[in-house]
Amino acid sequence: QVQLVESGGGLVQPGGSLRLACAASGFTVQYYKIGWFRQAPGKEREGVSCISGRAGTTYFAESAKGRYTISRDNDKNIVYLEMNSLRPEDTAVYYCAAGDGYGGTHKFGPCGPYDYWGQGTQVTVSS
């Protein structure tokens, strides 16, 4: 059974950092495309970053470029999203998603679509 569990969210001051983790079970992240999304209250879910299966090619939305890093630990079967220089507008619930083919939903840039979703982790940037 495919399962994704996000962790690492919390309250951080503007300019601070957080590292989110997406722990996968039931499949191997090395061979799946993984995406990170966020959804703020009253707004649509938006793609933030993704990493492709096998080659591990990464992509960042404009809002994340230069501040976020995505990485994959194949041994632990976890994908991380490192977020630096956080701003109040980064406040949202962050979700990770996984896909292995052409089905699913939510594409952005070269990323997606995705079949499986985690439950999300809250990130709040506030002083």
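For clarity, every value in this text was computed on a predicted model and none was experimentally measured.
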According to side chain to side chain donor-acceptor pair (under 3.5 Å), who are the partners of [X], at least two apart in sequence or on a separate chain?
{"X": "T57", "answer": "none"}
{"X": "R67", "answer": "D90"}
{"X": "T124", "answer": "Q122"}
{"X": "K43", "answer": "none"}

Q. Quick one: side-chain contact (heavy atoms from CB on, under 4.5 Å) partners of A61, sequence neighbours excluded?
A.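 For A61 the side-chain contact (heavy atoms from CB on, under 4.5 Å) partners, ignoring immediate neighbours, are S63.
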Q) What pairs meet the disulfide bond (SG atoms under 2.5 Å apart) rule with one or both residues in residues 55-90, with sequence neighbours excluded? A)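 For residues 55-90, and leaving out neighbouring residues, there are no disulfide bond (SG atoms under 2.5 Å apart) pairs at all.
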Q) Under the disulfide bond (SG atoms under 2.5 Å apart) rule, what pairs show up with a residue in residues 10-92, not counting sequence neighbours? A)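 Found C22-C96, C50-C111.
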Q) Applying salt bridge (Lys or Arg N to Asp or Glu O under 4.0 Å), which residue pairs with at least one partner in residues 100-127 are found, sequence neighbours left out? A)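 Listed by first then second residue: nothing to list.
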Q. What salt bridge (Lys or Arg N to Asp or Glu O under 4.0 Å) pairs are there with at least one residue in residues 17-37, not counting sequence neighbours?
A.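 Pairs touching residues 17-37 that pass the test: none.
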(Q) Per the ring-ring contact (aromatic ring centres under 6.0 Å, His included) rule, what does the pair list look like for residues 8-40, sequence neighbours excluded? (A)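 Applying ring-ring contact (aromatic ring centres under 6.0 Å, His included) to every pair that reaches into residues 8-40, excluding sequence neighbours, yields F27-Y32, F37-H106, F37-F108, F37-Y114, F37-W117.
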Q: Apply ring pair (Phe, Tyr, Trp, His ring centres under 6.0 Å) to Y95 and list each qualifying residue two or more places apart in sequence or on a separate chain.
A: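 If we apply the ring pair (Phe, Tyr, Trp, His ring centres under 6.0 Å) test to Y95, skipping adjacent residues, there are no hits.
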Q. For E82, what residues pass the salt bridge (charged side-chain N to carboxylate O under 4.0 Å, His left out) criterion, not counting sequence neighbours?
A.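 Not a single residue meets the salt bridge (charged side-chain N to carboxylate O under 4.0 Å, His left out) criterion with E82.
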